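Here the structure is a predicted model, which is why all the values come from computation and not from measurement.
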Amino acid sequence: MITTEFAPGSPCWLDLGAPDVRTAAAFYGAVLGWDYESMGESEDFEGGMFRKDGKIVAGIGKLTEEGARSAWMLYYSVADADATTKAVEQSGGSVRVPPMDLEGWGRMAQYTDPQGGQFAVWQPGTTKGLDLVDEPGSLSWTELYTSNAAAAKEFYGGLFDWRFSDMPLPGGGGTYTLITPAGLPEERMHGGLMEVGKSDLSLANGRPYWHPVFAVDDCDAAVAKVRENGGSVQMGPEDAEGVGRLAVCLDPANADFVVLTPAQG
């Protein structure tokens, strides 16, 4: 369960790098009911915020990094972005964007883990993070696909002091690892990681990748909207016992995300 308390090590923000901001805004507006609020358009910048019922649920910016794929970037809350940066480097990761201040809102940095997965951190200033989470049309879970679960646990566990618990997937499909922030009860678990084959990581050319899970009222209706608006579906919709009904989707630029209608009770 993700909350807006944003304890250290918990997800607090996400933004999308999109080759066409307007197309992406229209797509997510149709699928998740988001409203796009532009923060400006120029040769050097294009992007803004997504809102649901007036509350900020994500950010978006034009993808400018040469050779990069369109993808969601997940941010985790930290007390000190500079100290986290040193820890990333000492643990074999690398710095994509060094710590930088954003107009008093907070301090951010982006990294690549030792296996090639990209993620980011946010040191709160006047802004702690998203306004709305764990509700229909907002972030409800984060997930890492990796070809080396043990290495991922070692790196992220050391960096964020996460606690891990493994559970078997139905039908002998392997193991899914649940993630809980340090010092918090299991009901505050916020994500998971799953070991997959290199061939299953083709979206990122064999490298691990994080993606967001968005809660929706009706998974099948959301999937229909994905297809109607130029996206595609990699898996599902299907029922996951004790979890809900979900589908793994791609937007028109092939950025991946999951829609989930949580199980009742």
Sidechain-backbone polar pair: Thr126 side chain, Gly104 backbone, donor-acceptor under 3.5 Å: yes
Donor-acceptor contact present, side-chain Asp131 to main-chain Ile56, <3.5 Å: yes
Expected output: side-chain Thr3 to main-chain Glu5 donor-acceptor under 3.5 Å: yes
Remaining members of hydrophobic cluster (4.5 Å side-chain criterion), Leu260: Trp141, Tyr145, Met167, Leu169, Tyr176, Leu178, Met189, Met194, Val196, Leu201, Leu203, Tyr209, Val213, Met235, Val243, Leu246, Val248, Leu250, Val258
Salt bridge (Lys or Arg N to Asp or Glu O under 4.0 Å) assessment of Lys225 paired with Asp218: CA-CA 11 Å; Lys225 289 292 186 183; Asp218 185 330; over 6 Å; no
Val97 backbone acceptor or donor facing Gln110 side chain under 3.5 Å: no
Listed once per pair and sorted, the salt bridge (Lys or Arg N to Asp or Glu O under 4.0 Å) pairs that draw on residues 97-116, sequence neighbours left out: Asp82-Arg107, Asp101-Arg107
Ser138 side-chain N/O to Glu135 backbone N/O, donor-acceptor pair under 3.5 Å: yes
Side-chain (Lys52) to main-chain (Val57) donor-acceptor, under 3.5 angstrom: no
Separation of Thr261 OG1 from Arg245 CZ (nearest 0.5 Å): 8.5 Å
Heavy-atom donor-acceptor pair, Trp122 side chain to Gly129 backbone, under 3.5 Å: no
Criterion ring-ring contact (aromatic ring centres under 6.0 Å, His included) against Tyr76, the qualifying member of Phe6, Tyr111, Trp162, Phe119: Trp162
Set of residues satisfying side-chain hydrogen bond (donor to acceptor under 3.5 Å, both in side chains) with respect to Glu154, sequence neighbours excluded: none
